[in-house]
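Here the structure is laid out as structure tokens; the discussion comes afterwards.
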Amino acid sequence: MLAIDAARMLVHWNQSHPDKKPAQRVTDKIVKHTGQLAVDAGWAGAAVVKDAISGHTSGMVLLRQKKTTITPDIIEGVAVVQKPLKIKKD
């Protein structure tokens, strides 16, 4: 798995569309464009990553063609308890 951040997504879009006004926000067309670039580069696809607080697209994760598995003999298993996000209010 490999990640690409929103700024890099915008760079790729703007370089591929020099005749258009430079994009400043990640929109659906930029997500589709980045996903297609990933597929063209040999990735199985890409999944959108959202910011936990704002809900805005913060990037994408590129997905491999074949599944890889981490087995317990490679790393020690650890159980992680989810904790809710705390938002400070002014």
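Every value quoted in this text rests on a predicted model; they were computed, and no experiment measured them.
When the side-chain hydrogen bond (donor to acceptor under 3.5 Å, both in side chains) test is applied to Asp28, no partner is found at least two apart in sequence or on another chain. Remark: Asp51 pairs with Ser54 by the side-chain hydrogen bond (donor to acceptor under 3.5 Å, both in side chains) rule, at least two apart or across chains. Under the rule for a ring pair (Phe, Tyr, Trp, His ring centres under 6.0 Å), the partners of His17 that lie at least two apart in sequence or sit in another chain are Trp13, His33.
Looking at every heavy atom in both residues, Leu10 comes nearest to Gln24 through CD1-O, 3.6 Å.
Applying the side-chain contact (heavy atoms from CB on, under 4.5 Å) test between Val61 and each of Val49, Leu2, Ile4 identifies Val49 as the sole match.
No side-chain heavy atom of Val26 sits less than 4.5 Å from a side-chain heavy atom of His56.
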Can you give the donor-acceptor pairs under 3.5 Å from side chains of residues 34-46 to other protein atoms, not counting sequence neighbours?
unit_1, atom_1, unit_2, atom_2, d
Thr34, OG1, Ile30, O, 2.9
Gln36, NE2, Asp40, OD1, 2.7

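Within the 3.5 Å criterion, the main-chain N or O of Gly59 finds no donor-acceptor partner in the side chain of Asp5.
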